[in-house]
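Both counts, for ligands and for their atoms, begin at 1 and track the order of listing.
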Amino acid sequence: MAHFPASNGRPAWRASVLTLFPDMFPGPLGISLVGHALEAQLWTLSTHQIRDFGLGRHRQVDDTPAGGGAGMVLRADVLGPAIDAARQANAESPSIYLSPRGRPFDQALAREFAAGPGLILLAGRFEGVDQRVIDERGLMEVSIGDYVLSGGELAAMVLIDACVRLLPGVLGAAESLAHESFESGLLEYPQYTRPREWEGAAIPDVLLSGDHKAIEAWRRAQSERITAERRPDLLEK
Ligand code: ADE
């Protein structure tokens with residue numbers, strides 16, 4: 001695979017996704033900010049069809065769980081070679097298995113992944129994947145939240161989106177990271193724009209005062225209030 005430098009002069013950040021549904025990609029990742037960055041080759045996306053590594057005439061990828069039980073499990077002897085092929089093209093990147101059992105994904109992990117060369121993302125379906133492939137290929141399990149999706153593809157997209165918008169050159173000055181939720185460890189303060197009054201509700205006076213110090217202090221206090229009300233766990237960190 002050709003390895004074009006991105007238009008910011010660095011090698012492009014590389015996302016490689018192993019999936020049974022490559023048609024889901026780029027999907028929302030082809031649109032807007034992240035889509036424009038893809039066109040600008042600030043990042044690259046390659047999908048690897050797991051079925052291409054399937055066994056026999058039917059390209060079987062899964063089998064019944066050892067020990068019994070419902071559902072199907074993706075086979076290690078299918079996923080192993082599929083992961084190895086993805087690693088050939090994206091050798092330096094960590095390999096992630098998207099799973100509700102994984103480490104909770106957060107902005108700090110997004111920053112860590114965005115600072116690296118890219119990610120190899122295994123999107124599972126069915127009941128799961130054979131534990132041996134997780135162990136033998138050293139996959140890091142990552143969860144996007146305490147709920148169960150029907151597959152890892154949407155979770156893979158969430159990781160890619162959160163990382164790509166942090167890459168140098170993706171966000172313009174107008175969309176700076178400085179004040180967003182989590183960058184300061186706090187949730188974002190409330191925002192307002194014209195009209196000055198809407199349905200009897202006015203913009204807080206301080207925001208129209210032109211007093212930048214007072215505005216900054218108000219925003220900080222609002223961020224702290226909202227974080228304390230909604231996410232006290234963030235204040236403890
Ligand atoms: N696959 C299914 N549910 C998931 C979740 N919550 N996070 C990551 N991958 C998943």
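When only non-hydrogen protein atoms are considered, atom 7 (N) of ligand 1 lies nearest to Ile144 N, 3.0 Å. Counting only heavy atoms of the protein, atom 9 (N) of ligand 1 lies nearest to Ser99 N, 3.1 Å. Looking from atom 3 (N) of ligand 1 to the surrounding protein, the closest heavy atom is Leu149 N, 3.0 Å. Among protein heavy atoms, the minimum distance from atom 6 (N) of ligand 1 is reached at Tyr147 O, 2.8 Å.
Listed here is the closest heavy atom pair of Arg75 and Asp130: C-CB, 4.5 Å. Heavy-atom minimum distance, Leu207 versus Arg219: CD2-NE, 4.2 Å.
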**Message:** Before you tell me yes or no, could you show the steps for Asp63 and Val73 under side chain to side chain contact (heavy atoms under 4.5 Å, CB included), namely the whole-Å CA-CA distance, both residues' side-chain angles and the distance that decides it to 0.1 Å?
**Reply:** CA-CA 5 Å; Asp63 217 322; Val73 177; over 6 Å; no
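Ring planes of Tyr192 and Trp218: tilted class, angle from 30 to 60°.
Against a heavy-atom cut-off of under 4.0 Å, Leu98 is close to the following atoms of ligand 1: 8 (C), 9 (N). Heavy-atom contacts of Ser143 reach the following atoms of ligand 1: 6 (N), 7 (N), 8 (C) (cutoff under 4.0 Å). For ligand 1 and Ala155, the ligand atoms under 4.0 Å from any heavy atom of the residue are 8 (C), 9 (N).
Heavy-atom separations between Val142 and ligand 1 include at least one value shorter than 4.0 Å.
Checked against a 3.5 angstrom limit, the closest N/O atoms of Gly152 and ligand 1 fall outside it.
With contacts defined as side-chain heavy-atom distances shorter than 4.5 Å, the pair Arg125/Glu153 qualifies. The side-chain heavy atoms of Leu159 and Leu109, taken from C-beta on, include no pair separated by under 4.5 Å.
A donor-acceptor distance shorter than 3.5 angstrom exists from the side chain of Trp13 to the backbone of Phe113, with no hydrogens or angles considered.
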